[in-house]
2 protein chains.
Amino acid sequence: MAAPEHPRMSDVAHRAGVSLSTVSRALRGAPGVSPAVRARVERAAAELSYVVSRDASSLVTGATGRVAVIVPFLRPWFFGAALAGISPELRAAGLDMLVYEVGDAEALDGYVQALPLRRNVDAVIAVSLDLDDRETKQLDDIGVPVVYCSQRAEGRPSVFIDNVAAAAAGTRHLLNLGHRRVAYVQSRDETGFSWGSLHRRDGYLQAMAEAGAEPLVVTDRAGQRGGAAAMARLLGAPSPPTAVFAESDDVAFGALAVLRRSRVPVPEAVSLLGFDDNDVAAVLDLTTVAQPVHELGAEAARLTARLLRGTADRAEHLRLPTELVVRRSTSVPRTSPGMHLHSHTDLRGRQ
Amino acid sequence: MAAPEHPRMSDVAHRAGVSLSTVSRALRGAPGVSPAVRARVERAAAELSYVVSRDASSLVTGATGRVAVIVPFLRPWFFGAALAGISPELRAAGLDMLVYEVGDAEALDGYVQALPLRRNVDAVIAVSLDLDDRETKQLDDIGVPVVYCSQRAEGRPSVFIDNVAAAAAGTRHLLNLGHRRVAYVQSRDETGFSWGSLHRRDGYLQAMAEAGAEPLVVTDRAGQRGGAAAMARLLGAPSPPTAVFAESDDVAFGALAVLRRSRVPVPEAVSLLGFDDNDVAAVLDLTTVAQPVHELGAEAARLTARLLRGTADRAEHLRLPTELVVRRSTSVPRTSPGMHLHSHTDLRGRQ
DNA sequence: CTGTTAGCGCTTTCAT
DNA sequence: ATGAAAGCGCTAACAG
């Protein structure tokens with residue numbers, strides 16, 4: 001049970017009958033090694049199942065071969081999807097992925113202060129961190145490129161969606177079906193509104209204004225809880241909306257639960273629109289504004305790799321498209337013919 | 001824009017007016033440094049916002065301070081939950097988390113062959129990899145401790161649940177409500193059955209046998225698709241079951257979709273039981289056997305840390321408890337009084 | 001308690 | 001095309 005000391009490069013050199021530097025060159029695919037010798041070295045390495053120590057090479061090259069992915073939380077659907085997009089792209093570029101879950105804004109602050117990443121990664125991908133200017137500047141101090149994923153950061157590489165336009169399009173879907181009383185449910189937690197939340201609301205307001213419809217924004221906690229509470233309030237309003245646009249699918253689920261419990265048929269009495277297109281949305285047949293989370297991650301990773309190769313702009317911006325996924329939670333309103341449709345067709349058939 | 005060279009330990013030493021080794025000791029919290037000097041060194045380091053290079057220390061200590069977490073996929077709910085359990089525990093132990101998504105069994109094979117982890121991590125946590133004996137042995141060759149999370153590996157540290165007992169308990173829940181025709185839906189993909197699948201089925205068979213009830217096992221593809229197909233077949237059986245136990249929540253959702261589409265009331269006509277208790281289960285009010293995924297991850301991480309400190313057994317096993325979460329998708333069967341209940345109470349109230 | 005001296009396992013000039 | 005030698009930034013004996 002004595003530690004089976006792993007072979008070092010000198011072992012390979014010895015076995016192949018060449019020098020250390022030749023092994024180094026051969027294994028890295030560096031030029032200046034004759035095919036014959038290269039093959040011999042490779043065989044020797046394989047026979048010993050030799051693996052280079054990245055620590056040792058990093059020490060001299062200065063590159064670690066690692067990129068840190070910082071996420072606020074690991075559990076929500078969103079981050080699994082983003083990481084799934086990032087991981088293969090990083091791997092393809094020969095980079096390892098370190099994942100750090102930093103928690104809410106406050107925890108992030110302490111984390112960034114300590115700069116533990118400095119000198120220990122080649123780049124960092126910040127996923128949906130919702131940073132303000134000051135925090136963004138702090139991240140700059142890490143001293144390696146920081147790529148923003150699902151957040152737009154001025155003057156820095158970022159990959160994101162146009163929340164304003166996406167939300168406006170979603171709102172117009174409802175408006176075009178004939179709805180006039182369209183409510184928007186937004187959420188805020190202890191640390192305030194997220195950028196996404198704000199931008200989506202702006203898109204909603206913009207579309208409502210363009211249609212000359214009276215906006216109705218309800219704010220509550222985040223998640224299903226908040227959605228449920230908001231929907232309850234909406235149900236008790238003087239003139240309840242015929243359509244509800246929830247900031248996120250999750251909020252929509254909370255609203256949907258209240259609607260079901262109240263025996264309010266969806267979409268007959270109330271149309272419900274979400275945002276995200278998470279896994280649950282399909283199961284619950286929720287119409288939603290889909291954002292390409294996997295792609296957001298993949299693009300961020302590719303951008304990171306290019307940055308590291310020096311073939312990308314230090315401030316490159318990538319805006320990815322969103323898409324309205326129409327399912328069965330939205331339809332023309334029950335009582336009025338659609339503004340732009342000529343018959344009151346129930347898209348869903350009888351319940 | 002010249003690279004702002006990061007300070008090295010010698011810079012700190014110079015600024016603090018001490019030697020290199022003193023700085024090293026002070027910064028690592030090693031003994032043998034006077035409080036005064038230690039403070040001086042720490043101040044100097046802070047002023048320079050100095051961060052040690054792990055690569056350099058690793059080179060000499062032999063420990064990398066990193067553990068690899070290997071998962072087949074990143075996207076499914078399960079892995080986000082597991083990583084969320086692992087991450088903070090690793091961090092608490094001063095370890096960084098590298099995440100590798102290896103894909104299905106075949107890809108894993110190639111991955112393990114290459115041993116890229118060798119010499120580059122201190123330990124690896126294999127999450128739900130569903131390895132057979134040969135593959136497990138291959139992993140041993142990495143040369144560092146491998147902790148199995150959500151899989152039992154004989155003779156190796158592992159954290160898992162008792163799928164047999166959990167499935168038996170779930171089955172008994174259905175039996176005790178008065179169901180006799182209880183079907184079990186299992187899934188298999190191209191690479192065959194998973195261990196979890198097999199064990200859960202065994203638990204089901206065992207409980208059915210004990211109750212003297214005729215088992216009915218249906219096999220189909222994995223995921224919602226499979227659940228839907230299996231349910232469709234069940235609905236066309238000579239004498240359809242009054243209760244269905246799905247191998248996983250996801251499979252249950254597929255079944256549920258078919259049930260809804262067919263206007264078969266759940267649980268009135270068919271009770272449905274899942275396994276996992278994923279996020280969606282709560283939204284859909286699915287009764288399910290909950291497994292503590294977050295805890296599974298956390299325990300695996302803690303075990304890893306202990307192993308690295310040398311304070312854990314090389315073959316320590318941790319069996320975590322599962323729990324039946326009763327929601328509204330299961331009830332006594334419609335037509336017969338419950339075996340162990342005296343009235344035919346509809347637990348759900350009128351639909 | 002503090003400083004000096006060797007390396008850790010690689011990559012990289014610089015020779016040959 | 002290949003080899004010899006000099007470090008990369010740190011830790012770990014070993015002295016003092």
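Heavy-atom basis, side chains included; hydrogens, waters and symmetry copies ignored. Residue numbers start from 1 in every chain, and the chains themselves are labelled A, B, ... in the order their sequence lines are given, proteins ahead of strands.
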**Student:** Which residues pass the ring-ring contact (aromatic ring centres under 6.0 Å, His included) test with His317(B), sequence neighbours left out?
**Tutor:**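 ring-ring contact (aromatic ring centres under 6.0 Å, His included) check on His317(B) returns Phe160(B).
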**Student:** Among residues at least two apart in sequence or on other chains, which ones pass side-chain contact (heavy atoms from CB on, under 4.5 Å) with Ser19(B)?
**Tutor:**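 For Ser19(B) the side-chain contact (heavy atoms from CB on, under 4.5 Å) partners, ignoring immediate neighbours, are Ser21(B), Thr22(B).
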**Student:** Protein within reach of the bases, or only the backbone? For nucleotides 4-16 of chain C, mark each nucleotide 5' to 3' as B, S or -, using heavy atoms under 4.0 Å.
**Tutor:** B--BBBBBB----
**Student:** What are the residues of residues 36-49 of chain A, sorted by number, that bring a heavy atom to within less than 4.0 Å of DNA chain D?
**Tutor:**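 Correct list: Val37(A).
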**Student:** Determine to 10° how strongly the helix from dC1(C)-dG16(D) to dT16(C)-dA1(D) is bent, judged from the axes of its five-pair ends.
**Tutor:** 30°
**Student:** Testing the basics here: between Ile125(A) and Ala301(A), what is the closest heavy-atom pair and its distance to 0.1 Å?
**Tutor:**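 Between these two residues, the closest heavy atoms are CD1-CA, 4.0 Å.
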**Student:** Are any side-chain N or O atoms of Arg119(B) and backbone N or O atoms of His6(A), one a donor and one an acceptor, separated by less than 3.5 Å?
**Tutor:** no
**Student:** Could you tell me how far apart Asn120(A) (CG) and dG9(D) (P) are, to the nearest whole angstrom?
**Tutor:**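 About 13 Å, once rounded to whole Å.
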**Student:** Under 3.5 Å, side chain of Asp122(A) to main-chain N/O of Thr64(A), donor-acceptor pair present?
**Tutor:**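 Yes; at least one donor-acceptor contact below 3.5 Å.
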**Student:** Return all side-chain donor-acceptor pairs below 3.5 angstrom for residues 7-16 of chain B, not counting sequence neighbours, or 'none' if the list is empty.
**Tutor:**
residue	atom	partner	partner atom	Å
Asp11(B)	OD2	Arg8(B)	N	2.7
Arg15(B)	NE	Glu47(B)	OE1	2.7
Arg15(B)	NH2	Glu47(B)	OE1	3.0

**Student:** Indicate the atoms forming the closest heavy-atom contact of Gln151(A) with Asp130(A), along with that distance.
**Tutor:** OE1-N, 3.0 Å
**Student:** Check Asp109(A) against Gln138(A) and note the closest heavy-atom contact, atom names and distance.
**Tutor:**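 Here Asp109(A) and Gln138(A) meet closest at O-OE1, 4.3 Å.
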**Student:** Could you point out which residue of Val67(A), Ile86(A), Val121(A) forms a side-chain contact (heavy atoms from CB on, under 4.5 Å) with Leu95(A)?
**Tutor:** Val67(A)
